[in-house]
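Just so you know, ligand 1 is whichever comes first in the structure, and atom 1 is the first atom listed for that ligand. Quantities reported herein were computed from a predicted structural model and do not represent experimental measurements. In what follows, every heavy atom counts, from backbone to side chain, and hydrogens, waters and symmetry copies are set aside. Along the sequence shown, the residues carry numbers beginning at 1.
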Amino acid sequence: MSNDRGRLIVISGPTASGKTTLWRRLVTYPTVDFSVSATTRSPRKNEVDGKDYHFLSQDAFDALVAKAAFLEYATVHGRSYGTLRSDVHKSIEAGQDILLEIDVQGQKQLKESGIPMLSLFVMPPSLDVLRDRLRRRGTESEEEMNGRLAIVEEEMKWAQEYDHVVVNDDLEEMIQGVIALLGLEVKA
Ligand code: 5GP
């Protein structure tokens with residue numbers, strides 16, 4: 001990248017919208033870092049502490065809040081999640097883009113703070129498609145799944161607050177569209 005400073009790139013979208021597949025692909029570009037959030041939820045199977053999230057106790061999380069260590073933080077599905085300020089600044093100063101996969105509350109906080117950012121909202125083609133994807137993923141209990149679906153419609157109302165809305169009709173097409181939008185350079 002020719003930029004001196006990296007960009008803060010925010011990706012949000014309903015659960016199972018394809019945003020995880022998207023960010024995993026974007027961070028394969030050497031100019032893009034991933035912001036590892038802190039959370040108080042338990043790790044899922046295959047999740048690695050320090051790589052997917054920093055898994056913290058509520059006390060440890062609250063201590064970071066008290067120290068103003070978070071650029072933004074929110075309660076999502078009853079658990080705390082936050083973006084570490086220091087990680088974001090480190091990447092941006094080093095000229096690296098930094099990708100935040102955060103919820104709509106987090107995007108709102110960042111937007112209100114006036115920090116320069118580029119925000120993308122990944123939209124599933126429909127709620128039915130989303131429900132299907134979630135069932136197939138099978139990582140949540142039925143109760144958790146219903147809870148998540150209940151807030152999807154709420155989240156979707158926020159889409160217009162983002163710089164770009166990308167519809168995930170076709171996953172690969174959507175990913176290629178975002179790569180072009182961000183002007184990411186072909187890997188060596
Ligand atoms: P999950 O528990 O499924 O990994 O994530 C649940 C939700 O929390 C997702 O909508 C995700 O975008 C959001 N999330 C993850 N990390 C952060 C964060 O640091 N800040 C905020 N505001 N939301 C986050």
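For the pair R25 and E172, the salt-bridge criterion is met [side-chain N within less than 4.0 Å of a carboxylate O]. Salt-bridge check for D52 with R24: passed, with a basic side-chain N closer than 4.0 Å to an acidic carboxylate O. Here D132 does not pair with R135 in a salt bridge; the nearest charged N to carboxylate O distance is not below 4.0 Å.
Among protein heavy atoms, the minimum distance from atom 12 (O) of ligand 1 is reached at E101 OE2, 2.4 Å. If you check which protein heavy atom lies closest to atom 10 (O) of ligand 1, you get K19 NZ, 3.2 Å. Ranking the protein heavy atoms by distance from atom 19 (O) of ligand 1 puts S37 OG, 2.6 Å first. For atom 15 (C) of ligand 1, the closest non-hydrogen atom of the protein is Y53 OH, 3.2 Å. In terms of protein heavy-atom proximity, atom 7 (C) of ligand 1 is nearest to V76 CG1, 3.6 Å.
Close approach of ligand 1 to A74 is summarised as follows: ligand atoms under 4.0 Å from at least one heavy atom of the residue are 22 (N). Listed by number with element, the atoms of ligand 1 under 4.0 angstrom from any heavy atom of G106 are 22 (N).
Taking 4.5 Å as the limit, some side-chain heavy atom of Q58 sits within range of a side-chain heavy atom of S80. For the pair S119 and D163, the minimum side-chain heavy-atom distance is below 4.5 Å. When side chains are defined from C-beta on, N168 does not count as touching S17, because their heavy atoms never get closer than 4.5 Å.
Residue contact annotation: G82 has a non-hydrogen atom under 4.0 Å from ligand 1.
Under the 4.5 Å side-chain heavy-atom criterion for Ile, Leu, Val, Met, Phe, Trp and Tyr, V166 and V32 are members of the same hydrophobic cluster. Taken together through direct or relayed side-chain contacts under 4.5 Å among Ile, Leu, Val, Met, Phe, Trp and Tyr, F121 and V152 form part of one hydrophobic cluster.
With hydrogens and angles disregarded, no donor-acceptor distance shorter than 3.5 Å links the side chain of E161 to the backbone of W158.
Of all the heavy atoms of E72, the ones lying under 4.0 Å from any atom of ligand 1 belong exclusively to the side chain. Residue-level proximity to ligand 1 for R41 is carried by the side chain, the only part with a heavy atom below 4.0 angstrom. The parts of T83 lying near ligand 1 are both backbone and side chain, judged by heavy-atom distances below 4.0 Å. Within the 4.0 Å heavy-atom criterion, the part of R44 lying near ligand 1 is the side chain and not the backbone.
Scanning D103, I11, L110 for the heavy atom closest to atom 23 (N) of ligand 1 points to D103. Between atom 6 (C) of ligand 1 and the options W23, Y81, Y73, the minimum heavy-atom separation is to Y81.
On a distance-only criterion, E155 and ligand 1 share no N/O pair closer than 3.5 Å.
Ring planes of F34 and W23: parallel class, angle under 30° (limits at 30 and 60°).
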